There are 2 protein chains.
Amino acid sequence: MPPPTPGKPAATCLARHRVRDAIQQLILSGEFQPGQRLVQQELAERFEVAQSVIRESLLELQFCGLVEAVDRLGMFVSGLDAKGLRHAYQIRELFEGLAARLCCESACRADLRELAELARKIFDLASRGDLEPMSQCDREFHFRLVQASGNPLLARLTEGYQMLGMFVRANRDPRQIRDEHLEMLKTIEANRPAAAEDLARRHVREAWHAIEEQIDQGTFVPHWVGQVVEYQAAGDGGAKPTKKKKPKERKKTT
Amino acid sequence: MPPPTPGKPAATCLARHRVRDAIQQLILSGEFQPGQRLVQQELAERFEVAQSVIRESLLELQFCGLVEAVDRLGMFVSGLDAKGLRHAYQIRELFEGLAARLCCESACRADLRELAELARKIFDLASRGDLEPMSQCDREFHFRLVQASGNPLLARLTEGYQMLGMFVRANRDPRQIRDEHLEMLKTIEANRPAAAEDLARRHVREAWHAIEEQIDQGTFVPHWVGQVVEYQAAGDGGAKPTKKKKPKERKKTT
DNA sequence: CAATCGTTTATTATCGATAATAAACTATGA
DNA sequence: TCATAGTTTATTATCGATAATAAACGATTG
């Protein structure tokens, strides 16, 4: 007769997931910088779990694209270079376009209303200069969009992989962003799939152009940006043992 | 002074990867059927590694989309239903289209020559009725295409996730497949990105239609098909604890 | 001073054992 | 017979320890 052990929180989430989310948070918040090495033992002590739990969490994050693993060498916070971002945006453009198109037949009124609400909120926050909440809202807008698309694989890929580029902030006119969002929604509501797809793709392209400009001007900060959204998804990934990573920053013999 | 231990194979690959590939093979070959439970202990004995190694391998495969995990319950070979396949093909269409488009500026002559070679080989094999090698060749064709696109993220997503749909066989006229492949290549060679993208997308749509027809007729076998290609990539993924899975097939008390 | 080789150390990869949990089973009572 | 509660068992999740490995260090020699 095993009593429910009243002292413990029943139905607790897997430690692996808890730690995964926490580390993700740390990466997105900037506390863990791109390129930084993630030492398993250190993290294990920090989160008070065994090293193997950290391993598994990092594996999940690897597949999210937030960390990269090199066999026998370690795991590192993924870097963010211009080329990688361009590639990510090429794909994001497809995803958002497909999402918008599919939404024409899948999104319900409630979804659209909520999306419009978010579009306005993004504008409000931007007007007030609250950049961080604005970014978060913007991400949520796009997450909701793919969720409303009715293609779970699309949602999983977008959320799971985070599409890398979703976590950098494009420096654009908030008014324009809002208008693009709203027009997209209007087109979806009008049930014009081709037009909606086109608008969504254009929207992503505009974002990319803004980021590209920042990169060219040297004003781009190669940082993950944002807080973890409430979503529930993860990993994938794969080991690319061929890729070499700077193994530096190893402790000296104290 | 640790001598190189001459008895052991130096620079051996991670056990995790070895096992991952082996299990993938077993799934694709059909020995492990969709829906089947993957018991860690069992696999650990079979591959002569610790259970934790199996865990990590399965995690990787989960992110590939080949297995699904349910927290505290186990891992199962992914199922293949009509809806899931449709969603996969929606995305595959985008990916192949983008790949073809990008190839116009990225693919070198050698790539194109090799692709043309493969296109012919696919036809030859199909003519002889060698369906399995044919499927493998076809997959290789599409893998090479995304690799030649010059967008590594695209390649990783396509290969890593295997795009699910890439591992079912569409029942089509081999001649038509060949012609579509070759026309696509010709368009790439002629540097007509928009046309190439369009052709690639159409090609995927055709494949999907063939599969859809098979499904409607009830002649579709819900099986993973194929052998592992030599690629090196992996998962992502994420746990979706909400999803319920048949926990059945548990051993009786012997 | 530069290059090479062995030693040390930090770190990952793997292992075997234990704790936690969910399903299967069994007994009990209406 | 059916439902329900307790027990057992199969299995996963976690832990702590060990083996394997790659970088850092240090001495030795040209």
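This is a predicted model, so every value here is computed, not measured. Note that these values count all heavy atoms, side chains included, but never hydrogens, waters or copies made by symmetry.
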Listed partners of [X] passing side chain to side chain contact (heavy atoms under 4.5 Å, CB included), at least two apart:
X: A/Glu48; value: none
X: A/Glu212; value: A/Trp208, A/His209, A/Asp216
X: B/Ala170; value: B/Arg172, B/Ala207, B/Ala210, B/Ile211

Close N or O pairs between protein and nucleotides 12-15 of chain C (under 3.5 Å):
| residue | atom | partner | partner atom | Å |
| --- | --- | --- | --- | --- |
| C/dT12 | OP1 | A/Leu38 | O | 3.4 |
| C/dT12 | OP2 | A/Gln40 | N | 3.3 |
| C/dA13 | OP1 | A/Arg72 | N | 2.6 |
| C/dA13 | OP2 | A/Arg55 | NH1 | 2.7 |
| C/dA13 | OP2 | A/Arg55 | NH2 | 3.3 |
| C/dA13 | N6 | A/Gln51 | OE1 | 3.3 |
| C/dT14 | OP1 | B/Ala15 | N | 2.5 |
| C/dC15 | OP2 | B/Ala50 | N | 2.8 |

Exercise for the section: Identify, with sequence neighbours excluded, every residue that meets salt bridge (Lys or Arg N to Asp or Glu O under 4.0 Å) alongside A/Arg46. Expected result: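 A/Arg46 satisfies salt bridge (Lys or Arg N to Asp or Glu O under 4.0 Å) with A/Glu31 once adjacent residues are dropped.
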Practice task
With sequence neighbours left out, write down each residue that passes side-chain hydrogen bond (donor to acceptor under 3.5 Å, both in side chains) with B/Gln90, or none if nothing qualifies.
Solution key: A/Asn151
